[in-house]
Amino acid sequence: MKKVLVIGASGSLAKYVIAELKNQGNIDISLLVRNAQRLSKGISDGCTVFEGNALNQSDLKSAIVGQDLVYINLAGDLESMGRNIVEVMQESGVKRVIAICSIGIYNLPLRSVLVSYRKLADIVEASALNYTIIRPDWFTETDEIDYAITFKGESEVGGAVSRKSIASFVGSIIQKPELYSRANVGISKV
């Protein structure tokens, strides 16, 4: 059974990823969240919940040790959180990470709202971790799985993509961690 930690478990995309992992049925899911009461009703059922902050290395270590894969789904000071997560993962021997960033982080001039996502991507890519960076287009609530993948350096195509599509893509990587190894990809609906 794979052990997966979701960091930022109260986010709007994270609840879809958690639901996808529960549907797969062969995953021991842990959630790291600053305030467990912010988790959607029922989302933590069957999961191990850690209350903590990604700005605190001690909180991160408690949650990361023993995991097989870490899924990062955060907003805020992504530079500091990213550095902490990478450092704790490397110290703990946890090598596989999936990080959600954003479409447009390689466009110039870089929009100020995207700077922290670009910093997170740069930190994860510069690490020795086995990473997949996912740069989704804007999210929708559409009940569909329909997406296309582009690699870093390719023109981003398509438009807004459903959270369900992103969760399905994340789930496929968690099932087969060799997929998109050390890759930086965009995801959108074509």
Side-chain angles (χ1 to χ4, degrees), residues 1-22 24 26-40 43-102 105 113-136 163 166-167 169-171 173-175 177 179-185:
M1 183 171 285
K2 290 183 183 84
K3 298 179 99 181
V4 175
L5 172 65
V6 176
I7 299 178
S10 63
S12 67
L13 177 57
K15 70 180 179 180
Y16 283 85
V17 171
I18 295 163
E20 172 69 21
L21 299 181
K22 286 181 177 182
Q24 292 181 2
N26 61 344
I27 298 175
D28 181 3
I29 306 167
S30 295
L31 311 176
L32 177 65
V33 62
R34 282 182 300 183
N35 181 348
Q37 295 192 7
R38 292 187 57 207
L39 290 169
S40 300
I43 199 75
S44 62
D45 293 351
C47 301
T48 302
V49 177
F50 295 91
E51 262 190 338
N53 192 319
L55 292 169
N56 182 310
Q57 286 195 2
S58 178
D59 291 349
L60 284 169
K61 190 165 190 168
S62 296
I64 288 174
V65 168
Q67 302 293 336
D68 297 311
L69 185 144
V70 172
Y71 168 75
I72 304 170
N73 188 122
L74 294 167
D77 183 0
L78 295 177
E79 182 175 13
S80 297
M81 290 186 277
R83 287 190 196 290
N84 284 343
I85 293 165
V86 166
E87 186 175 324
V88 171
M89 286 183 69
Q90 290 176 158
E91 287 173 3
S92 302
V94 178
K95 306 246 186 269
R96 191 66 169 101
V97 63
I98 300 170
I100 297 294
C101 287
S102 177
I105 62 172
V113 70
L114 299 177
V115 169
S116 63
Y117 291 100
R118 172 63 186 267
K119 287 181 179 180
L120 175 62
D122 290 347
I123 290 163
V124 172
E125 275 189 310
S127 76
L129 298 175
N130 180 4
Y131 64 83
T132 304
I133 294 167
I134 302 175
R135 295 174 284 108
R163 286 175 174 87
I166 300 165
F169 180 61
V170 169
I173 296 169
I174 290 172
Q175 279 301 312
L179 293 176
Y180 299 95
S181 175
R182 295 194 61 81
N184 182 327
V185 299

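Atom set for the values below is all heavy atoms of this structure, side chains included, hydrogens, waters and symmetry mates excluded.
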K.L.:
With F169, which of Y16, Y71, Y180 fulfils ring pair (Phe, Tyr, Trp, His ring centres under 6.0 Å)?
P.N.:
Y180
K.L.:
Applying side-chain hydrogen bond (donor to acceptor under 3.5 Å, both in side chains), run through N184 and R135 and close with a yes or a no.
P.N.:
CA-CA 8 Å; N184 182 327; R135 295 174 284 108; 2.5 Å; yes
K.L.:
For S102 and L114, work out which heavy atoms get closest and say how close.
P.N.:
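Shortest heavy-atom separation between S102 and L114 comes out as OG-CD2, 3.3 Å.
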K.L.:
With rounding to the nearest 0.5 Å, note down the distance linking CD1 in I85 to CD in Q57.
P.N.:
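CD of Q57 is found 10.5 Å from CD1 of I85.
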K.L.:
Does atom NZ (K22) have a neighbourhood of more than 12 heavy atoms from anything else shown, all under 6.0 Å?
P.N.:
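Counting other residues, nucleotides and ligands, NZ of K22 exceeds 12 neighbours.
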K.L.:
Verify side chain to side chain contact (heavy atoms under 4.5 Å, CB included) between C101 and R118, making sure each step is shown before the conclusion.
P.N.:
CA-CA 7 Å; C101 287; R118 172 63 186 267; over 6 Å; no
K.L.:
Y131 and V124: which non-hydrogen atoms are nearest, and at how many Å?
P.N.:
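For Y131 and V124, the tightest heavy-atom pair comes out as CB-CG1, 3.4 Å.
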K.L.:
Going through the checks in order, is the side-chain hydrogen bond (donor to acceptor under 3.5 Å, both in side chains) test met by T132 and R96?
P.N.:
CA-CA 8 Å; T132 304; R96 191 66 169 101; 2.9 Å; yes
K.L.:
Is there a side chain to side chain contact (heavy atoms under 4.5 Å, CB included) between T48 and I29? Walk through the geometry before answering.
P.N.:
CA-CA 6 Å; T48 302; I29 306 167; over 6 Å; no
K.L.:
Please tell me whether S30 and Q67 have a donor and an acceptor in their side chains that are separated by less than 3.5 angstrom.
P.N.:
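Yes, side-chain donor-acceptor contact under 3.5 Å.
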K.L.:
Rounded to the nearest 0.5 Å, what separates atom CD1 in I27 from atom NZ in K3?
P.N.:
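So the CD1 of I27 and the NZ of K3 are separated by 13.0 Å.
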K.L.:
Working to the nearest 0.5 Å, report the span between CG of L5 and CE of M89.
P.N.:
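The distance works out to 9.0 Å.
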K.L.:
If you round to the nearest 0.5 Å, how far is CD1 of I18 from CG of L13?
P.N.:
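Answer rounded to 0.5 Å: 9.5 Å.
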K.L.:
Distance from L78 atom CG to I72 atom CD1, nearest 0.5 Å?
P.N.:
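The CG atom of L78 sits 9.0 Å away from the CD1 atom of I72.
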K.L.:
Before giving the answer on salt bridge (charged side-chain N to carboxylate O under 4.0 Å, His left out), spell out for R83 and E79 the whole-Å C-alpha distance, their side-chain angles and the decisive distance to 0.1 Å.
P.N.:
CA-CA 6 Å; R83 287 190 196 290; E79 182 175 13; 3.2 Å; yes
K.L.:
What's the shortest heavy-atom distance between V6 and A14, and which atoms?
P.N.:
CG1-CB, 4.2 Å
K.L.:
List the steps, then state whether side-chain hydrogen bond (donor to acceptor under 3.5 Å, both in side chains) holds for Q175 with N26.
P.N.:
CA-CA 9 Å; Q175 279 301 312; N26 61 344; 2.9 Å; yes
K.L.:
Taking atom NZ of K2 as the centre, does the number of heavy atoms from other residues, nucleotides or ligands within less than 6.0 Å exceed 12?
P.N.:
yes
K.L.:
For the CG atom of D68 and the CE atom of M1, what is their distance to the nearest 0.5 Å?
P.N.:
11.0 Å
